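In what follows, every heavy atom counts, from backbone to side chain, and hydrogens, waters and symmetry copies are set aside. In what follows, every chain begins at residue 1, and chains take the letters A, B, ... in the order their sequences are listed. Quick caveat: nothing in here was measured; it's all calculated off a predicted structure.
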2 protein chains.
Amino acid sequence: MTPDRPLRADAARNRAALLDAAAAEFAEQGLEASVADIARRAGIGKGTVFRHFPTKDDLLAAVVLDRIDGLASLARTLIPAADAGAALLEFMGAAAGRQRQLDLSFLREAGGVNERLDGARSELFEAIIALVERAKSAGAIRPDVTGMDVILLMCAPNHVVSFVPGAPPELWRRYLAIIFDGLRPAGANPLPHPSPG
Amino acid sequence: MTPDRPLRADAARNRAALLDAAAAEFAEQGLEASVADIARRAGIGKGTVFRHFPTKDDLLAAVVLDRIDGLASLARTLIPAADAGAALLEFMGAAAGRQRQLDLSFLREAGGVNERLDGARSELFEAIIALVERAKSAGAIRPDVTGMDVILLMCAPNHVVSFVPGAPPELWRRYLAIIFDGLRPAGANPLPHPSPG
DNA sequence: CCCTAACGTGACCAAGCGGTCCGCTTAACG
DNA sequence: CGTTAAGCGGACCGCTTGGTCACGTTAGGG
């Protein structure tokens with residue numbers, strides 16, 4: 001599949017710089033950040049970007065893949081935690097406490113353009129579902145919410161905060177706390193619509 | 001200020017069709033909907049769009065203004081309601097139960113490019129704050145949330161739902177219910193960060 | 001009915017986008 | 001070293017977008 005002859009030194013260096021720059025630029029500008037800006041930030045030419053990634057979407061996929069893998073391994077680490085409720089809250093905090101836009105983009109990419117990304121996403125979802133089930137069993141969250149609910153609500157704090165102009169960097173914690181309180185069993189009211197697939 | 005000589009009949013007709021088409025197109029495509037598409041949908045030429053609104057942002061502002069005014073008048077209607085908690089929930093439902101993207105765009109438009117829009121926004125905010133204060137006094141929501149919190153959380157359900165591909169049209173109600181449960185006093189945990197201005 | 005000012009329109013423009021390509025540079029191995 | 005292929009980069013292409021303009025059309029008061 002992948003002969004993967006090792007990259008030349010300068011190529012590897014540029015690729016790393018490119019990924020860093022792309023992550024930063026996507027985080028700041030949203031996913032309509034231009035390839036030219038990313039290249040400039042990385043200190044390389046635009047052509048070099050397309051040498052490493054055939055298309056802008058592939059570049060985005062690589063950045064997103066990093067992030068998904070990081071979140072998935074964190075989730076797996078947290079599954080056996082003693083306090084399942086705290087573990088879920090910590091995970092949601094890690095998911096929310098990043099820069100804007102990128103966060104749920106891996107959900108949006110519906111079609112299986114990128115197989116590795118699809119696999120990583122599935123693994124992440126499974127880990128999240130396990131976290132949620134453990135938290136439910138422990139009585140830390142209400143029984144009528146699903147893993148999918150948590151996945152969807154995960155980065156709402158981040159999104160919400162993006163609307164306040166000079167937002168303090170920790171403001172998202174406030175909205176995560178409110179939303180998480182909504183996930184707790186105490187005072188839960190019946191939900192008016194079933195959870196999506 | 002505004003001499004406002006009445007529009008010619010055809011101009012008024014076109015303007016109305018344009019606003020309708022713009023609202024629909026922005027709702028469906030998000031705010032990157034193209035002016036050409038909007039014009040086509042309205043059944044008029046692209047040039048006519050720019051005759052009525054000097055810039056695309058002005059057109060968007062007009063659409064948003066309609067929406068803000070509608071929400072503001074609904075909020076004012078709801079302020080004296082007997083059940084202040086139910087009134088707030090109904091308002092948040094009305095705010096969420098619209099098409100995607102447009103919802104919080106009026107928050108985003110920071111700079112006072114459009115004076116009328118700024119005024120309408122202020123009025124809307126004041127009405128929401130009144131609703132929230134009444135709900136707090138009635139004990140329907142926790143005392144540590146502010147009007148601004150509600151404004152920010154208002155359309156999160158809508159946003160969250162936009163990530164599930166073939167989402168049922170009422171799915172947002174589920175997430176509004178969860179978030180609203182997080183606003184209730186029952187089982188509320190202390191919030192880790194002060195509310196923004 | 002007619003004249004004019006208001007209005008409508010589609011060709012047109014400049015800017016920015018993702019993506020391509022080919023001549024130059026340079027890392028790495030014998 | 002010297003050779004060579006991998007790597008680099010910026011000019012370039014096709015396309016779309018927001019916005020303009022000169023021209024033809026039409027509403028509507030006199």
Review point. Given atom CG of A/L59 and atom P of C/dG19, what is their separation to the nearest angstrom?
Key: 10 Å
Exercise for review: Side chain of A/S34 only, please: which of D/dG19, C/dC17, C/dG19 is the nearest?
Suggested key: C/dC17
**Study point:** Salt-bridge present (B/D10, B/R13; N to O < 4.0 Å)
**Key:** no
Review point. Hey, which of these two, B/A12 or B/K46, hits DNA chain C nearer its 5' end, going by closest nucleotide?
Key: B/A12
Exercise for review: State which of D/dC8, C/dG18, C/dC7 makes the closest approach to the side chain of A/F50.
Suggested key: C/dG18
Exercise for review: May I ask you to decide if A/V145's main-chain N or O and A/K136's side chain share a donor-acceptor pair within less than 3.5 Å?
Suggested key: yes
Exercise for review: Could you tell me the separation between the CG atom of B/L60 and the C1' atom of D/dG19, rounded to a whole number of Å?
Suggested key: 16 Å
Point to revise | For atom CD1 of B/I38 and atom C1' of D/dG19, their distance in whole Å | key: 14 Å
Point to revise | Separation of atom CG in B/L31 from atom C1' in D/dT17, rounded to whole Å | key: 15 Å
Exercise for review: Going 5' to 3' through nucleotides 21-27 of chain D, assign each nucleotide B (protein heavy atom under 4.0 Å from a base atom), S (under 4.0 Å only from sugar-phosphate atoms) or - (no protein heavy atom that close).
Suggested key: -----BS
Check your understanding: Over how many whole Å does the gap from A/K56 atom NZ to C/dT20 atom P extend?
Key -> 15 Å
Point to revise | Exercise: identify the closest heavy-atom pair between B/V49 and B/A39 | key: CG2-CB, 3.7 Å
Check your understanding: Counting only side-chain N and O atoms of A/N14, is one of them less than 4.0 Å from OP1 or OP2 of D/dG7?
Key -> no
Exercise for review: Please list all pairs passing the side-chain hydrogen bond (donor to acceptor under 3.5 Å, both in side chains) test where one or both residues lie in residues 42-54 of chain B, with sequence neighbours left out.
Suggested key: none
Review point. Are A/T55 and C/dG18 close enough that a side-chain N or O sits under 4.0 Å from OP1 or OP2?
Key: no
Point to revise | First encountered from the 5' end of DNA chain C, between B/A11 and A/A33 | key: B/A11
Review point. Is the backbone N or O of A/D58 less than 3.5 Å from a side-chain atom of A/T55, with the two atoms forming a donor-acceptor pair by type?
Key: no
**Study point:** Atom-to-atom span, CG of A/D58 to C1' of C/dT20 - whole angstrom
**Key:** 16 Å
Point to revise | Between C/dA28 (P) and A/L7 (CG): distance, integer Å | key: 10 Å
Check your understanding: Under 4.0 Å between a side-chain N or O of B/H52 and OP1 or OP2 of C/dG8?
Key -> yes
Distance-only check: which donor-acceptor pairs under 3.5 Å involve side-chain atoms of residues 182-195 of chain B, not counting sequence neighbours?
{"from": "B/R184", "atom 1": "NE", "to": "A/N189", "atom 2": "OD1", "distance (Å)": "3.3"}
{"from": "B/R184", "atom 1": "NE", "to": "B/D181", "atom 2": "OD1", "distance (Å)": "2.7"}
{"from": "B/R184", "atom 1": "NH2", "to": "B/D181", "atom 2": "OD1", "distance (Å)": "3.4"}
{"from": "B/N189", "atom 1": "OD1", "to": "A/R184", "atom 2": "NE", "distance (Å)": "3.3"}
{"from": "B/S195", "atom 1": "OG", "to": "B/T146", "atom 2": "OG1", "distance (Å)": "2.8"}
{"from": "B/S195", "atom 1": "OG", "to": "B/D149", "atom 2": "OD1", "distance (Å)": "3.1"}

Check your understanding: If you check every side-chain atom of A/I44, which of D/dT17, C/dG8, D/dG9 has the closest atom?
Key -> D/dG9
Point to revise | Verify same cluster id: B/V164, A/I129 (apolar side-chain graph, 4.5 Å) | key: no
Revision key, fill the gap. To the nearest angstrom, the CZ-P distance between A/R40 and C/dC17 comes to 9 Å
